[in-house]
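As the structure lists them, so they are numbered: ligands from 1, and atoms in each ligand from 1. Index from 1, following the sequence.
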Amino acid sequence: MPREIHGKSIIVTGASSGIGAATAIECAKAGMPVVLNARREDRLRQVAEQVERHGVKTAIVVGDVTDTGISESLLDAAEIELGGLYAVFSNAGYGSELPVLKTEMDQVRAMFEVNFFASLELVHQAARRLVEQSQPGHLLMCSSCLAKFTMPWHGVYSATKAAQNHLCLAMRSELAGRRIEVSSVHPVTTATEFFEQSARRSGKGKRSDVLEHVPKFLIQKPERIARAVVKCLRRPRPEVWTSTLTRTFAAMATLSPRLLELVMRQQMRKMNSA
Ligand SMILES: NC(=O)c1ccc[n+]([C@@H]2O[C@H](COP(=O)([O-])OP(=O)(O)OC[C@H]3O[C@@H](n4cnc5c(N)ncnc54)[C@H](OP(=O)(O)O)[C@@H]3O)[C@@H](O)[C@H]2O)c1
């Protein structure tokens, strides 16, 4: 039986652009009131306008996901302004395009703070509230296909995404008897501001190496991920994938690390000759 999600609220972090913005709008189409979070208030207000066109309420919580107390503010906004907490899509995150040896430890820690620890804190606190109230719910984290394998220059980023994936799998089993679903979302290359941001953080200005090297047929639109997230809210499953090809590659890379090594070396050659 599909779950009824109409009228049930969702918190979306990283809702000012890309996958988060598209998911907030798709959730609104399904009748879900949305708490929107990110740091850029002007962009959040634009997304809120689009969400409200579908006849649902929004609440905006501006701030960095690593700010002290922000998880509580997000959960309070869902409960007080939107009438109750049901789902969380912990999506705020960023990447970099740097070899591990060129990444400073403070950069590694900063990325884990946003991509992993802030994500953990939000779903952790949401789960505690749902358990205390004996309410059903659904907690989702935006991980990546790179949770299952990695690529040169994406080692630190993929480590943050693998950490999210493992956490979701464990929490899913731990909360199974409480009607609280936990899912991880594994997008492939998605055309968002992500690559511009990661190039900037890696000291390359706006030029990203990634989009140039990924075959066009593997680049998806954020709306595709958003639809898959809403489908998962209706019919919960452990993991959300939008590319069967990449999922198959991930499985093969697990079975044969040698295969992954060959692909990665080819990738390195392309990047070095660019
Ligand atoms: N694009 C891809 O190819 C791809 C593939 C796999 C997984 N993902 C994952 O998808 C998620 C969304 O990325 P995207 O592709 O949609 O990129 P995006 O367009 O750059 O969106 C990232 C969002 O996160 C927010 N954000 C970043 N750092 C934040 C912080 N410290 N506190 C609060 N909000 C923060 C940004 O908003 P503000 O700047 O306004 O704060 C923005 O709304 C990320 O977790 C990413 O790892 C992306």
Parallel, tilted or perpendicular: rings of F149 and F249 (30°, 60°): perpendicular
For residues [X] and [Y], is any side-chain donor paired with an opposing acceptor at under 3.5 Å?
X	Y	answer
Q197	R200	yes
Q220	T242	yes
T150	S158	yes
Q164	S119	yes

Members besides I10 in its Ile/Leu/Val/Met/Phe/Trp/Tyr cluster (side-chain heavy atoms under 4.5 Å): I5, V12, I19, I25, M32, V34, L36, L44, V47, V51, V56, I60, V62, Y86, F89, L140, V185, I225, V229, V230, L233, V240
Shell of residues surrounding ligand 1, defined by a 4.0 angstrom heavy-atom cut-off that is strict: G14, A15, S16, S17, G18, I19, A38, R39, R40, G63, D64, V65, N91, A92, G93, V114, C142, S143, S144, Y157, K161, P187, V188, T189, T190, T192, E193, F194, F195
